[in-house]
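Taking it in order: structure first as structure tokens, then the write-up.
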Amino acid sequence: MNPFAILTGASRGIGAAYARLLASRDYDLLLVSRDETRLTQLARELETNHRVQAHVFIANLAQPDAAQQLFVESRRYRQTPDMLINNAGFGLYGEFVSHPLPRIQEMLHVHVQTVVESIRLFLPGMIERGSGSIINVASIAGMLPIPYFAEYAATKAFLVSFSEALAEEVRPTGVLVQACCPGQTETDFHASAGFRPASLLPMQTAARVAHTSLAALPNKNPVVTISWQGKLAALATKWFPRRALIKLAGRATRPTTR
């Protein structure tokens, strides 16, 4: 029987890159997203190109019972997944007070509550079996408060902290937990958030993010930064005053019109 992975936010970007890479490694998949058209197309592509089963689950992970629904749906295929990748998410750019409260609540639910609840549901089965991997896709934004991305950076900081603590808790059980922290990546994230970062260097590809993340799992490092951006961010937070870094981040992200 092929190993089985659950992947949220699978219809595009980093999620789709994880899906293609796992399918090439003979993983059966449960692909989760709100975008039925893209998700169905991806599932057909994976089943055509690889000898795997790609199941589709159309779900809004901002709903209060999203984690429970995902848990029930996954058990139609396997009792316990071999891998859970919490990748679903989105950005909010601009002053905190300009964002509608319902949209902020959606972000908190997708990035934090549904992730924590999903792990709480799936982790006991992994521990009982003595194996499994959980990847929480965070961001280098989680390493430092970022003005005008305040909510987004804070939720990603939670994922980094939670993943590090949980990885230590489950270390003796054989289960691996990783926070994957990409930098600027070629996806539609920035377009959706309404912000285009200025950079003299090319962005990394979603495929590179997925490959680096999966390749790092055997090393049991709870936080994996991707490319020069991640390494630079990690060094900066260690060697430069936090207040100065926050001011620099605010200058880089401040809206040009107010």
Side-chain angles (χ1 to χ4, degrees), residues 4-10 13-15 18 29-34 57-75 78-92 99 101-129 131-146 149-182 189 213 217 220-225:
F4 179 61
I6 300 171
L7 175 56
T8 70
I14 294 173
Y18 271 118
L29 299 164
L30 176 58
L31 307 174
V32 185
S33 172
R34 291 189 300 177
F57 182 44
I58 309 304
N60 181 358
L61 298 181
Q63 295 301 311
D65 59 346
Q68 182 64 38
Q69 288 184 12
L70 178 59
F71 183 68
V72 171
E73 177 70 14
S74 72
R75 290 204 156 192
R78 301 290 173 84
Q79 185 72 13
T80 300
D82 297 277
M83 185 177 295
L84 170 65
I85 302 180
N86 293 303
N87 169 72
F90 61 93
L92 284 177
H99 298 147
L101 182 57
R103 192 62 170 156
I104 295 172
Q105 291 170 323
E106 285 183 358
M107 173 174 283
L108 293 174
H109 212 108
V110 173
H111 291 194
V112 177
Q113 189 164 337
T114 297
V115 170
V116 172
E117 291 178 0
S118 296
I119 293 174
R120 179 60 184 85
L121 290 167
F122 288 109
L123 181 57
M126 293 182 175
I127 292 175
E128 182 178 354
R129 188 183 56 203
S131 66
S133 301
I134 297 172
I135 298 175
N136 298 319
V137 179
S139 168
I140 60 171
M143 298 180 179
L144 189 74
I146 300 181
F149 271 108
E151 310 98 300
Y152 177 81
T155 60
K156 295 303 184 179
F158 172 86
L159 288 179
V160 172
S161 176
F162 178 64
S163 299
E164 285 187 289
L166 191 59
E168 184 61 28
E169 285 187 24
V170 302
R171 190 177 298 277
T173 70
V175 178
L176 303 176
V177 179
Q178 177 195 108
C180 173
C181 296
F189 168 84
S213 169
L217 272 176
K220 301 182 181 180
N221 189 341
V223 179
V224 175
T225 56

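Nothing here was measured: the structure is a model prediction, and the numbers come from that model.
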I would like to know whether T155 and M107 meet side-chain contact (heavy atoms from CB on, under 4.5 Å); could you show each step before the answer?
CA-CA 8 Å; T155 60; M107 173 174 283; 4.3 Å; yes

Can you tell me how far apart [atom1] ([X]) and [atom2] ([Y]) are? Round to the nearest 0.5 Å.
| X | Y | atom1 | atom2 | result |
| --- | --- | --- | --- | --- |
| Y18 | L31 | OH | CG | 14.5 Å |
| T8 | I85 | OG1 | CD1 | 8.5 Å |
| L123 | I127 | CG | CD1 | 3.5 Å |
| L7 | I14 | CG | CD1 | 11.0 Å |
| M126 | T173 | CE | OG1 | 10.0 Å |
| E106 | F90 | CD | CZ | 5.5 Å |

Taking all heavy atoms of [X] and all of [Y], pick out the closest pair and write down the distance.
| X | Y | value |
| --- | --- | --- |
| Q178 | L217 | NE2-CD2, 3.7 Å |
| R129 | D82 | NH2-CA, 3.6 Å |
| G9 | A88 | N-CB, 3.7 Å |
| C181 | A138 | SG-CB, 4.1 Å |

Quick one: does [X]'s side chain get under 4.5 Å of [Y]'s, heavy atoms only?
| X | Y | value |
| --- | --- | --- |
| L92 | F149 | no |
| N86 | V137 | no |
| F162 | V160 | no |
| Q69 | F57 | yes |
| N136 | I119 | yes |
| S213 | I135 | yes |
| V223 | E164 | yes |
| F122 | P81 | yes |

A quick test of your reading: do over 12 heavy atoms of other residues, nucleotides or ligands sit less than 6.0 Å from CD of Q105?
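Enclosed: over 12 neighbouring heavy atoms sit under 6.0 Å from CD of Q105.
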
Has R103 got more than 12 heavy atoms of other residues, nucleotides or ligands less than 6.0 Å from its CZ?
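Yes - once you tally the heavy atoms of other residues, nucleotides and ligands closer than 6.0 Å, there are more than 12.
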
side-chain contact (heavy atoms from CB on, under 4.5 Å) evaluation trace for L70 with S118
CA-CA 8 Å; L70 178 59; S118 296; 4.2 Å; yes

Using the side-chain contact (heavy atoms from CB on, under 4.5 Å) rule, take L108 and E151 through it: C-alpha gap first, then chi angles, then the decisive distance, then the call.
CA-CA 8 Å; L108 293 174; E151 310 98 300; 5.7 Å; no

How would you list, by chain and number, every residue that makes a side chain to side chain donor-acceptor pair (under 3.5 Å) with E168, sequence neighbours excluded?
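In terms of side chain to side chain donor-acceptor pair (under 3.5 Å), with neighbours along the sequence ignored, E168 is linked to R171.
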
Check side chain to side chain donor-acceptor pair (under 3.5 Å) between Q113 and all other residues, then give those that pass, not counting sequence neighbours.
E117

Check whether any side-chain N or O of [X] sits under 3.5 Å from a backbone N or O of [Y] as a donor-acceptor pair, and report yes or no.
| X | Y | result |
| --- | --- | --- |
| S163 | L159 | yes |
| R78 | T80 | no |
| H111 | Y152 | no |
| T114 | V110 | no |
| S161 | F158 | no |

Determine, step by step, whether L121 and Q68 satisfy the side-chain contact (heavy atoms from CB on, under 4.5 Å) criterion, reporting the C-alpha distance in whole Å, the side-chain angles of both residues, the deciding distance to 0.1 Å, and the verdict.
CA-CA 8 Å; L121 290 167; Q68 182 64 38; 3.9 Å; yes

